[in-house]
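Read the structure below first, then the notes.
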Amino acid sequence: MVTMFWKSMLFPLIFALALAPMSHGHGVQQRQNQPSLAPTSNEIKYHGGPLLTKPTGINIYLIWYGRFSRSDKSSITDFIASLSPRKGVVPHHQKPTVATWWKTIQTYKDKAGKSVSRTVRLVKQISDKYSLGKNITRAQIANFVKHKIETKALPLDRNGIYLVLTSKDVVVERFCTGSCGFHDNIVVATKSARAVHAHVGNPSVQCPGLCAWPYSLPAYGPPGKALVAPNGVGTDGIIMNIATVLAGAVTNPFKNGYFQGHPLAPLEAVTACPGIFGEGAYPGYPGKLLVDKISKASYNAYGANGRKFLLPAIWETTTSKCKVIH
């Protein structure tokens, strides 16, 4: 009984650590067992810095590092396309949608009152077959992105996000031990401009219970049954963490936007709400979700091309609560 109690208390601590997305070490805050819309102590505050707010939209530059299957790539690009879908891409009767989830991010405004950009689009993809090897650091990722910009393999975009995805056989510093992804910014010397970059890895082999929960169970945590993933455990782990990292990158791109705690160890838009995916969530239970009648896969949002996704709760600035999609 005592052992189970400590395991149940350890789970939210592990989850908060895993989802912390910044690059210089991350604060770990333990959530209390509470309803998914209840106020929390992890209140997000605005620190006066710029957000990604250009009305022309946020451009995603996707770098596939390592080997990804066609199915993996299709699911992930469909998710990004779902953030700002073209008319008709998601049928009207399918609700809630990924675009609905992104609207909560738009409640974040800068000091001029401008909201985070409504439009998110994938504008370019490139692949890299292990040019840095299979064991890389965060600094190497930053320099890798910087090199791609300075050599014009990718354009410099001040309202863009350079997203590096690593395959399941690539070990990245702190991935699966301190986080499931991170975002940061680099200075491009040729233009003396800052660019936002991010990393998310495939957790299917290294840490599915940490970075793909609730589709895989952690080694230590409350007992239960893993849910069925609509797109595969590793792929859905990537997608959930892309959602987490994007939310942090657009609302706190330069470490002086929206966050709670220390700027080098912040809780951000999603990481302030760890482990919450549906109404009634508590440690070890993601909340009430939709379930596909045929595949039995659990999800909470519809996306492009008939896709189904599971997206985390977002701290809503207007209510000071963790808001689940519904």
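Position 1 is the first residue of the sequence, and the numbers go up from there.
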Are the side chains of P230 and Y215 in touch, meaning some heavy atoms are under 4.5 Å apart? yes

Quick one: do C176 and C211 satisfy disulfide (SG to SG under 2.5 Å)? Show the steps, please. CA-CA 7 Å; C176 284; C211 294; 4.6 Å; no

Cation-pi check, R174 to F182: give yes when NZ or CZ is under 6.0 Å from the six-membered ring centre and within 45° of the ring axis, no otherwise. no

Looking at CG of N159 and CG of L52, how far apart are the two atoms once the value is rounded to the nearest 0.5 Å? 5.0 Å

Answer yes or no for C273 and C322: SG-SG distance under 2.5 Å. yes

Are any non-hydrogen side-chain atoms of P312 and T271 less than 4.5 angstrom apart? no

Does H47 have its ring centroid less than 6.0 Å away from the ring centroid of F259? yes

Option passing side chain to side chain contact (heavy atoms under 4.5 Å, CB included) with H183 (candidates I161, T244, V245): V245

L227 side, atom CG; L289 side, atom CG - distance, nearest 0.5 Å: 6.5 Å

Is the distance between the ring centroids of Y299 and F309 less than 6.0 Å? no

By side-chain hydrogen bond (donor to acceptor under 3.5 Å, both in side chains), which residues pair with T104, not counting sequence neighbours? none

Shortest non-hydrogen separation from Y162 to A195 and the atoms involved: CE1-CB, 3.8 Å

Aromatic ring pairing F68/W64, orientation class (parallel under 30°, perpendicular over 60°, tilted between): perpendicular

Side-chain touch Y302/K308, heavy atoms, less than 4.5 angstrom: yes

Report yes if the side chains of I80 and L62 come closer than 4.5 Å at any heavy-atom pair, otherwise no. yes

Check whether any side-chain heavy atom of T77 sits under 4.5 Å from a side-chain heavy atom of L122, and report yes or no. yes

Could you list the residues that satisfy side-chain hydrogen bond (donor to acceptor under 3.5 Å, both in side chains) with S69, not counting sequence neighbours? D72

What pairs with S131 under side chain to side chain contact (heavy atoms under 4.5 Å, CB included), at least two apart in sequence or on another chain? Y65, D128, F144

Measure the spacing between CZ of R121 and OG1 of T56 and express it to the nearest 0.5 Å. 6.5 Å

May I ask you to say whether R138 pairs ionically with D184, meaning some side-chain N is under 4.0 Å from a carboxylate O? no

From T251 atom OG1 to W315 atom CH2, the distance as rounded to the nearest 0.5 Å: 13.0 Å

